[in-house]
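Note that these values count all heavy atoms, side chains included, but never hydrogens, waters or copies made by symmetry. Throughout, residue positions are numbered sequentially from 1 according to the sequence presented. Note that the structure is predicted; figures quoted are calculated from it, not measured.
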Amino acid sequence: MTCVNRGQVVLQPNYFTSSIYVKALRDDISTLIYHFHERYKEDNSKPFALFKTLWSSQGWKWMHFKAFDNRARDTFLNVTVRLFLERMVKTEAPFTRTVALFALYTFFYTQPTGSAPTLHSLSHIPIPTDQYSSLLLLPSTLATVYLAPLQPLASYVVSSLADAKAFHLIPSSELGALEPRDLPREIFVEEGLIDSNQPQRKGHLSKRDKVIKARAALDAVGRWLDKSPPATGAGTTLGQYEKHKALLLDEIGAGSEEVQEASRGVVERLREAQEAQPDVEGWAGIARVQAVSESAGGLLKLV
């Protein structure tokens, strides 16, 4: 969040793409579908009137007042309709898809208009072409006796949205054309907690993995430092190694800023790992590594 003039609090757009909003809204949509199903089993004579009653009683009618800033509101609207569409894919049950369709329709057509100042509104609903094709066929999947009361309503809603050109067609779902590609994009983790089950982006190490790698590297350095220096007679592997390392240091300059900067970077990453898990044993070697890093040649002086 950020504060603007007169102490107003504005949610940043990434709040609506984060797990805080996405997971909560997914749960709310599931709750709406569940309660509609329970009430539908009792009385299905007026399905859409029943839906509107639940929509209001569960507080959905206030959804549009979650964000007023244009940037945040644009993200809020796009993510919300996307999560409704998420429950309308053909792998979902026809009943679930229909309730999600009612929700999308109601949310889209209840956007505030004529307010002062004017609120940003969503003019078109982005939808992948394959999902749009399956949406057009949704009414035909409601031909059973149990779902028959929903069929004319679904036909009306689908045709109304299509005739109004409310959808903005984008490439097929498998191409990942929506932005962000996956929801939630940001995963919220409470301070001090590291959940190993949280998903992570491809090619990126999780916080836990970084700590593990840093500790492993530190342990390896510590083992080298604890060893007594072996004999360094001519012809030994260690002797050859030290000879070539000395040539390398002479070539790049043992006291060069680049070497010192690299050494400081290593120590800094070890410090960050220590701060992430201060109670874990094995961090005593950091002081020794830092002492070596400050000498001429930095960590390259280590064997």
Side-chain angles (χ1 to χ4, degrees), residues 16 21-22 25-40 43-67 73-115 119-143 146-170 173 178 183:
F16 295 104
Y21 180 74
V22 172
L25 184 56
R26 282 174 174 163
D27 289 342
D28 288 343
I29 293 173
S30 296
T31 299
L32 176 65
I33 294 170
Y34 171 79
H35 283 102
F36 181 80
H37 187 250
E38 292 298 303
R39 297 282 297 274
Y40 181 84
D43 181 8
N44 60 13
S45 58
K46 297 180 178 179
F48 198 74
L50 171 60
F51 174 82
K52 288 194 296 182
T53 299
L54 285 173
W55 182 268
S56 296
S57 65
Q58 292 186 6
W60 289 92
K61 63 181 181 179
W62 306 114
M63 275 288 287
H64 283 293
F65 300 102
K66 280 188 173 292
R73 185 168 178 80
D74 183 67
T75 304
F76 156 68
L77 293 172
N78 277 285
V79 169
T80 302
V81 298
R82 179 173 171 181
L83 293 180
F84 286 135
L85 287 171
E86 186 178 80
R87 301 305 302 270
M88 293 164 58
V89 295
K90 61 183 180 182
T91 54
E92 293 278 3
F95 188 92
T96 296
R97 297 175 66 194
T98 304
V99 181
L101 173 64
F102 290 170
L104 176 70
Y105 174 80
T106 305
F107 182 78
F108 182 72
Y109 280 111
T110 55
Q111 296 182 85
T113 57
S115 59
L119 285 178
H120 173 72
S121 61
L122 192 67
S123 58
H124 296 88
I125 303 169
I127 184 172
T129 53
D130 57 319
Q131 191 172 353
Y132 180 71
S133 298
S134 67
L135 174 61
L136 296 179
L137 299 174
L138 174 59
S140 64
T141 67
L142 305 172
Y146 182 67
L147 299 177
L150 298 173
Q151 190 174 39
L153 295 169
S155 296
Y156 173 80
V157 171
V158 169
S159 62
S160 295
L161 290 169
D163 292 344
K165 301 187 185 317
F167 292 107
H168 170 59
L169 299 184
I170 61 176
S173 302
L178 290 168
L183 287 174

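- With sequence neighbours excluded, the residues satisfying side-chain contact (heavy atoms from CB on, under 4.5 Å) with Lys52 are Phe48.
- Residues forming a side-chain contact (heavy atoms from CB on, under 4.5 Å) with Ser134 (at least two apart in sequence, or on another chain): Lys90, Arg97, Gln131.
- Partners of Phe108 by ring pair (Phe, Tyr, Trp, His ring centres under 6.0 Å), not counting sequence neighbours: none found.
- Summarising the geometry of Arg73 relative to Ala67, their closest heavy-atom pair is NH1-O, 2.9 Å, with the distance given to 0.1 Å.
- Side-chain contact between Leu122 and Gln111 is present, with at least one heavy-atom pair separated by less than 4.5 Å.
- With sequence neighbours left out, the side chain to side chain donor-acceptor pair (under 3.5 Å) criterion links Ser133 to no other residue.
- The distance from the CG atom of Leu85 to the OG1 atom of Thr80 is 11.0 Å, given to the nearest 0.5 Å.
- Counting only residues at least two apart or in different chains, side chain to side chain donor-acceptor pair (under 3.5 Å) contacts with residues 156-168 are absent.
- Nearest approach of Leu153 to Pro47, heavy atoms of both residues: CD1-CB, 3.6 Å.
- In this structure, Pro126 and Leu178 have side chains that are in contact, with non-hydrogen atoms separated by less than 4.5 Å.
- Note: Leu169 CG to His124 NE2 = 10.0 Å, rounded to the nearest 0.5 Å.
- Residues meeting the side chain to side chain donor-acceptor pair (under 3.5 Å) test with Ser45, sequence neighbours left out: Asp43.
- Looking at residues two or more places apart in sequence or on another chain, you find no ring pair (Phe, Tyr, Trp, His ring centres under 6.0 Å) involving Tyr34.
- Annotation: the span from Ile127 atom CD1 to Leu104 atom CG amounts to 8.0 Å, rounded to 0.5 Å.
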Derivation and outcome, side-chain contact (heavy atoms from CB on, under 4.5 Å), residues Leu101 and Leu161 = CA-CA 10 Å; Leu101 173 64; Leu161 290 169; 4.1 Å; yes
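- Considering only residues two or more places apart in sequence or on other chains, His120 meets the ring pair (Phe, Tyr, Trp, His ring centres under 6.0 Å) condition with none of them.
- Under the rule for a side-chain contact (heavy atoms from CB on, under 4.5 Å), the partners of Glu86 that lie at least two apart in sequence or sit in another chain are Arg26, Leu83.
- Applying the side chain to side chain donor-acceptor pair (under 3.5 Å) rule to Trp55 yields no partners; only residues at least two apart in sequence or on another chain are considered.
- For the side chain to side chain contact (heavy atoms under 4.5 Å, CB included) criterion with Ile125, the lone passing option out of Val81, Asn78, Leu77 is Val81.
- Closest approach of Met63 and Phe76 over heavy atoms only: O-CZ, 3.1 Å.
- Between Leu25 and Phe16, the closest side-chain pair of non-hydrogen atoms is not below 4.5 Å.
- Taking Leu142 as the reference, Pro94, Thr98, Leu147, Leu150, Gln151, Ala154 meet the side-chain contact (heavy atoms from CB on, under 4.5 Å) condition, with sequence neighbours excluded.
- For the atom pair Phe51 CZ and Leu32 CG, the distance stands at 5.0 Å (nearest 0.5 Å).
- When atom types are taken as modelled, the side chain of His35 and the backbone of Thr31 share a donor-acceptor pair closer than 3.5 angstrom.
- In this structure Arg87 satisfies the salt bridge (charged side-chain N to carboxylate O under 4.0 Å, His left out) test together with Glu92, sequence neighbours excluded.
- Phe102 is not listed as a side-chain neighbour of Ile33, based on a closest heavy-atom distance of 4.5 Å or more.
- Thr110 contributes atom OG1, which lies 12.0 Å from atom CH2 of Trp62 (distance to the nearest 0.5 angstrom).
- Aromatic pair Tyr40/Tyr146: ring centres closer than 6.0 Å.
- To the nearest 0.5 Å, atoms CZ (Phe95) and OG1 (Thr141) are separated by 12.0 Å.
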